[in-house]
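Side chains included, hydrogens not; waters and symmetry mates left out as well; all remaining heavy atoms used.
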Amino acid sequence: MGKKRVMVPAKDLDLSTVKYEHEVIKAPHLTGLMLKLFVRMVEAPVLGSLIMSFLKKQNKMVEMLQNTVIPEAPMFKPEFPPQDAEPSVVIVDEERKPEDRAELALKCLLHYDPASCWSGDSLPSFRYWKIRDYAYAYRSKLVTPSMVAEKIISVIEDCNYHKPPTPLLISFDAEDIRKQAAASTRRFEEGNQLSILDGIFMAIKDDIDCYPHPSKGATTWMHEVRSVEKDAVCVSRLRSCGVILVGKANMHELGMGTTGNNPNYGTTRNPHAVERYTGGSSSGPAAIVASGLCSAALGTDGGGSVRIPSSLCGVVGLKTTYGRTSMEGSICDAGTVEIIGPIASTVEDVILVYAAILGSSPDNRISLRPPPPCFPDLSSLENANTLGSLRLGKYTEWFNDVHSTDISDVCEDVLKLLSKSHGCETIEIVIPELHEMRTAHVVSIGSETQCSLNPDCEDGKGVKLTYDTRISMALFRSFTASDYVAAQCLRRRIMHHHMEIFKKVDVIVTPTTGMTAPKIPSSALKDGETDMQVTAYLMRFIIAGNLLGLPAITVPVGYDKQGLPIGLQLIGRPWGEATILHLASAVEELCAKSRKKPASFYDILNIK
């Protein structure tokens, strides 16, 4: 019999008694024949439930969910207390047209000097072409969207012949791209461009609808049971700004993995090292941006799926507050932990795309009562003072719990630079119950995934899923209704802990991931793999953004000794996107000189 445990109410918890516990996941690392055999075992009627029960006990999930008295009431989706207004921001009406919001965001950016990148001088360090570089090139008739389209099409078509293959897109139609680019080229010729985003090329993750492409969620069958009649809300907002959509980007099947491994369509490779994973689940979007092929991409983030691959590929990824963007028209549109967010090579490009896609759904406006969205006013004179007053929260033992000290050292150096250059104060914090937070998250996302896929699995589609997805589904099936309610009681409790922390600090800072891009085992390419130790390192700092719906951003800050990118994560208060974007912009500027060109990079705008 399990021993009953009683938690003290969250408000009475004495933080001085909290001890940091390193997370140890007890689960086998399997590929090939052993992986297939394990799937057969976990899907067997009696044996399967015994194995899952054993694994859950080993990982203290049973103790947490079934033997513990949790005094808090359940919180079935994020509920936020009222928040103070952010300083030095420009408030935007989310009812305004996406193109107007993008123009307002443009006015908040620092002055653009075309001479800095078009003078012909070789720059001292590598930099990506930004959205404003494309806009300047189009307006100055240095290049047209149609010319850029031809370059992109030829690269995408060549990718299939690479050794190893680098499958960036799952669905792609060259003629559709040419048609969109020709329309944009005409608008520039006539001086009628729709917005700063007109003629900008973007990829859409394969779990977000982008008509006329199918949405497969990187499965082999989803498009057969779910048709696409129109764009997702976020995609239609981009289209109204003149964005050229290149197709559906590769991903970890159904978003249920952190590496980006996909035996169905091939595994996307990390542009910095082709023998390594991009991270997932938004593997294609991050790789497309990091390789210079597109200025930006849309991903989804239910368990780090925007931030993990952005960090591993050395680009910027924004996870917005839960409910800030509409999920309508995505495969995961009924969950309580997911958002759609932008990935781009720079913070300013993330701001421009965020401006276009933001806007809550009618349901979330009623239930969440979001305050008006804001952009950081990077061009204002008060900018420096606002940065200097920011208090950064750091839980040192957690911050340092990484696979290689290269990660914590590089991230620590950035905090010192922020203090020296801007006067930001770093305050030591304690975040209690991290194990409980991870457990509550896996039960929440797992139960919601199981609920949405149940009809198709009952209809015989479950056996068509990849082996690692089938193991996840076996775990999710083992969760009971009382497990789910217990997880939601934990959600309220952990929200309380974080809201108390945000009374003392403005932003929580962590490395984005606990390890840099892992190597792809050759045995994992054909049938996939399950490696929960790698998943634990990749998700170590991720969960608060999803379980609690907090905004978070990853910014590239350097490299480990193997030359692999390291990201710093900034977690903000509810609805605090402007503050983390402002701080991310300062971090990016401090680290700009250290940025390196990826091994696989396409200089799309180079017109020489």
TODO: Could you tell me whether the side chain of Met437 reaches within less than 4.5 Å of the side chain of Leu490, counting heavy atoms only?
DONE: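 The answer is no; the side chains never approach within 4.5 Å.
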
Open item on the list: Is any side-chain heavy atom of Lys248 closer than 4.5 Å to one of Lys216?
Closed with: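 Heavy-atom side-chain distance check fails, nothing below 4.5 Å.
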
Task: Tyr322 ring center near Phe80 ring center (under 6.0 Å) - done: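 No.
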
Task: Set of side-chain contact (heavy atoms from CB on, under 4.5 Å) partners for Ala232, sequence neighbours left out - done: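 Ala232 satisfies side-chain contact (heavy atoms from CB on, under 4.5 Å) with Ile208, Asp209, Val235 once adjacent residues are dropped.
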
Counting distance only, does the side-chain N/O of [X] pair as donor-acceptor with the main-chain N or O of [Y] below 3.5 Å?
X: Ser326; Y: Ser361; value: no
X: His441; Y: Gly302; value: yes
X: Lys56; Y: Ser478; value: yes
X: Thr439; Y: Met61; value: no
X: Ser367; Y: Asp363; value: yes
X: Thr513; Y: Met515; value: yes
X: Arg492; Y: Pro74; value: yes

- [ ] Could you tell me which residues satisfy side chain to side chain donor-acceptor pair (under 3.5 Å) with Thr321, sequence neighbours excluded, listed by chain and number?
- [x]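 By the side chain to side chain donor-acceptor pair (under 3.5 Å) rule, Thr321 matches Glu577.
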
Do [X] and [Y] have side-chain N/O donor and acceptor atoms under 3.5 Å apart?
X: Asn67; Y: Lys60; value: no
X: His497; Y: Glu433; value: yes
X: Thr554; Y: Gln569; value: no
X: Glu338; Y: Asn546; value: no

Task: Heavy-atom closest pair, residues Arg101 and Leu358 - done: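 Scanning both residues completely, I find the closest heavy atoms to be NH2-O, 2.9 Å.
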
Task: Nearest heavy atoms of Ala249 and Ala203, plus distance in Å - done: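 Of all heavy-atom pairs spanning Ala249 and Ala203, the closest is CB-CB, 4.3 Å.
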
Task: Atom CZ of Phe38 with >12 non-hydrogen neighbours under 6.0 angstrom - done: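 Above 12, so yes.
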
- [ ] Step through the shown structure and confirm whether more than 12 heavy atoms of other residues, nucleotides or ligands are within 6.0 Å of OH on Tyr20.
- [x]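 Above 12, so yes.
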
Per-pair distances, 0.1 Å, donor-acceptor, side chain in residues 43-52, under 3.5 Å, sequence neighbours excluded:
{"from": "Glu43", "atom 1": "OE1", "to": "Arg470", "atom 2": "NH2", "distance (Å)": "2.8"}
{"from": "Glu43", "atom 1": "OE2", "to": "Arg470", "atom 2": "NE", "distance (Å)": "2.9"}
{"from": "Ser49", "atom 1": "OG", "to": "Val46", "atom 2": "O", "distance (Å)": "3.0"}

